[in-house]
Amino acid sequence: MANFEAGLYYSESHEYVRVEGEFGYIGISDYAQHALGNVVYVDMPEVDDEVTAGEEFGAVESVKAASDLIAPVSGTVVEVNEALEDEPELLNKDAFANWIIKVQLSDLSELDALMDVEAYKAHCEA
Amino acid sequence: MEKKTCLYDRHVALGALMSPFGGFIMPIQYTNITDEHNAVRQHCGVFDVSHMGEVRVTGPDAERYVQHIFTNDVAGALIGQIYYGMMCYPDGGTVDDLLVYKMGENDFFLVINAANIDKDVAWMNEQKAGFDIVLDHQSDYYGQLAVQGPEAEAVVEEVLGLPCAELTFYTVKTIGDVIISRTGYTGEDGFEIYGFHEFIQECWDKLIESGRCKPCGLGCRDTLRFEVGLPLYGDELSADISPVMAGLSIFVKLDKAEFIGKEALAAQKANGVPQKLVGIELADKAIPRHGYAVLKDGEVVGEVTTGYHCLSVDKSVCMALVKTEYAKLGTELEVQIRKKTFPGVVVKKKFYDKHYKK
């Protein structure tokens with residue numbers, strides 16, 4: 001069974017944002033890593049790249065298929081989780097502890113369009 | 001509406017991820033592709049491959065007919081021998097790749113791809129004018145299991161009680177209604193068992209209950225066959241991809257008197273082909289997938305047919321159809337993966353060695 005972590009913002013395409021001040025840590029939900037199966041590669045942007053809400057910023061690949069990562073919010077990439085380059089399976093071990101990119105948020109109002117954990121849980125069960 | 005195999009309920013009960021493939025709703029994985037892949041490489045796995053099609057060809061002209069539609073040469077074959085080859089169109093394009101089992105004199109059992117069953121049966125019927133044969137399409141009667149892996153022989157003998165140790169690679173025998181052959185699509189030793197639905201269901205239950213054989217889905221069937229360089233119709237072979245282009249000329253016997261496609265394939269061998277199937281190994285871990293572009297100095301020169309992060313050797317590799325001038329071993333190419341291009345080098349399209357018991 002998938003875990004659902006409270007206090008995060010979730011998108012319909014199963015990315016989350018953990019907001020800390022002006023920064024957002026973006027990753028995929030535990031539900032998403034379950035659905036993907038063994039993650040074998042994470043395609044990440046580079047520091048200083050711009051990401052735009054609703055647009056693809058990378059991909060998570062299982063053995064079988066590639067799934068696009070869709071940015072839930074806009075901003076500038078300030079850090080990528082380099083540990084995922086060598087250990088993509090960290091996403092399977094703990095998807096919430098292992099964020100993918102850290103961005104400087106450009107528009108906090110974009111968070112209003114995302115779901116809280118209860119709404120996201122309902123979205124996954126639907 | 002997809003068809004179900006005789007084991008559908010068992011797959012669902014095991015919690016398999018089910019997905020359409022070749023007109024059937026098939027198990028992709030039960031636990032995960034990596035574990036199932038490794039079970040076959042290291043121990044034993046069982047696949048439901050009941051979606052495969054079967055056609056029996058009998059009658060006084062059966063051998064002459066098989067020779068006419070099949071690229072390999074069954075002349076002088078012993079009863080019990082199996083041949084891999086293709087059916088081709090007159091232009092050399094591939095109708096399907098298949099196994100031909102010689103069950104008796106003028107008695108052949110043809111095993112074809114699920115996705116091609118209707119097309120193949122129609123094709124076979126169109127070619128039979130002038131041959132005194134009976135074409136019996138038996139796909140609905142047979143279920144099929146593939147038991148694959150280094151422990152397959154012991155499992156089939158001890159769990160199923162089917163004596164198979166004396167079968168050599170690519171041979172077949174019958175036990176009552178059951179057909180058993182030392183064949184497979186994984187690069188490991190193993191057996192394929194054809195039987196009526198009730199028998200196949202009993203075998204499946206015994207294999208799963210024994211705990212000696214992991215249920216394996218089509219996900220790892222694809223990673224396993226890919227690693228050892230076996231083609232999949234639709235990826236590496238098609239109406240546009242001839243066996244010569246796919247590097248499978250060894251299964252095209254041009255010294256045979258006659259077969260459909262012979263002239264075109266002989267010309268391709270003699271004059272060369274515009275595109276060839278190659279292996280490409282990437283330096284990076286990014287994964288090339290079916291349909292991605294292959295480039296040389298920024299110009300598109302080909303397309304990926306199948307690609308994975310190869311589970312047995314931990315490398316990102318693919319098979320790709322490229323312009324022949326870029327097909328030489330060692331050629332440096334790039335693969336476009338989403339927004340970036342990744343450097344790669346042409347290698348043999350066998351990324352892991354087969355472990356057949358000959």
Side-chain angles (χ1 to χ4, degrees), chain A residues 1-2 13-15 26 28 30-52 54-71 76-77 80-95 98 100-101 124, chain B residues 15-21 26-41 216-227 232 235 282-292 304 306-318 335-342:
Chain A
M1 269 303 285
S13 51
H14 305 285
E15 290 84 9
I26 298 174
I28 60 165
D30 189 55
Y31 179 90
Q33 73 77 18
H34 265 287
L36 281 165
N38 291 27
V39 175
V40 292
Y41 181 73
V42 186
D43 184 0
M44 294 181 282
E46 289 171 13
V47 169
D48 291 337
D49 282 358
E50 297 288 328
V51 300
T52 305
E55 292 186 10
E56 176 253 313
F57 71 91
V60 179
E61 304 215 24
S62 66
V63 175
K64 193 73 199 156
S67 300
D68 283 344
L69 289 164
I70 308 295
T76 306
V77 178
V80 300
N81 185 355
E82 287 171 3
L84 296 174
E85 288 172 9
D86 290 326
E87 292 183 84
E89 64 273 19
L90 288 172
L91 289 180
N92 295 116
K93 287 182 183 149
D94 191 339
N98 293 286
I100 297 170
I101 54 171
C124 291
Chain B
L17 171 68
M18 305 296 289
S19 186
F21 179 85
M26 297 297 291
I28 300 303
Q29 63 184 51
Y30 301 85
T31 53
N32 69 71
I33 292 174
T34 309
D35 288 354
E36 292 168 22
H37 177 105
N38 290 335
V40 172
R41 287 273 178 260
C216 292
L218 295 189
C220 78
R221 186 167 157 86
D222 201 50
T223 57
L224 289 158
R225 70 89 192 167
F226 164 76
E227 282 187 350
L232 173 65
D235 287 347
L282 299 193
D284 200 271
K285 286 183 175 179
I287 304 169
R289 305 281 186 186
H290 177 89
Y292 288 7
V304 173
T306 308
Y308 281 108
H309 188 82
C310 193
L311 294 170
S312 298
V313 293
D314 194 24
K315 282 178 186 165
S316 281
V317 288
C318 64
V335 179
Q336 174 92 37
I337 300 176
R338 288 175 292 277
K339 292 171 190 162
K340 299 176 211 161
T341 59
F342 292 87

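These values consider heavy atoms only, across backbone and side chains, with no hydrogens, waters or symmetry-generated copies. Residue numbering restarts at 1 for every chain, and letters A, B, ... go by the order of the sequence lines.
- For Ile287(B), the parts lying near chain A are the backbone and the side chain together; criterion is any non-hydrogen pair under 4.5 Å.
- The shortest distance between side-chain heavy atoms of Asn81(A) and Asn98(A) falls below 4.5 Å.
- In this structure, chain B has a heavy atom under 4.5 Å from the backbone of Glu85(A), while its side chain stays farther away.
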Q: Might you work through the side-chain contact (heavy atoms from CB on, under 4.5 Å) test for Asp222(B) and Arg225(B), ending with a clear yes or no?
A: CA-CA 5 Å; Asp222(B) 201 50; Arg225(B) 70 89 192 167; 2.9 Å; yes
Check residues 45-52 of chain A and write down every donor-acceptor pair under 3.5 Å in which the side-chain atom is one partner and the other belongs to a residue at least two apart or another chain.
unit_1	atom_1	unit_2	atom_2	d
Asp49(A)	OD2	Glu46(A)	N	2.9
Glu50(A)	OE1	Thr76(A)	OG1	3.4
Glu50(A)	OE2	Thr76(A)	OG1	3.0

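- Both the backbone and the side chain of Asp86(A) come within less than 4.5 Å of a heavy atom in chain B.
- Atom CG of residue Asp235(B) and atom SG of residue Cys318(B) lie 11.5 Å apart, to the nearest 0.5 angstrom.
- For Asp314(B), no part lies under 4.5 angstrom from a heavy atom of chain A.
- The contact between Leu311(B) and chain A is made entirely by side chain atoms (from C-beta outward), counting heavy-atom distances below 4.5 Å.
- Under the side chain to side chain donor-acceptor pair (under 3.5 Å) criterion, the residue pairs touching residues 61-70 of chain A are Glu61(A)-Arg289(B), Glu61(A)-Arg338(B), Lys64(A)-Tyr308(B), with sequence neighbours excluded.
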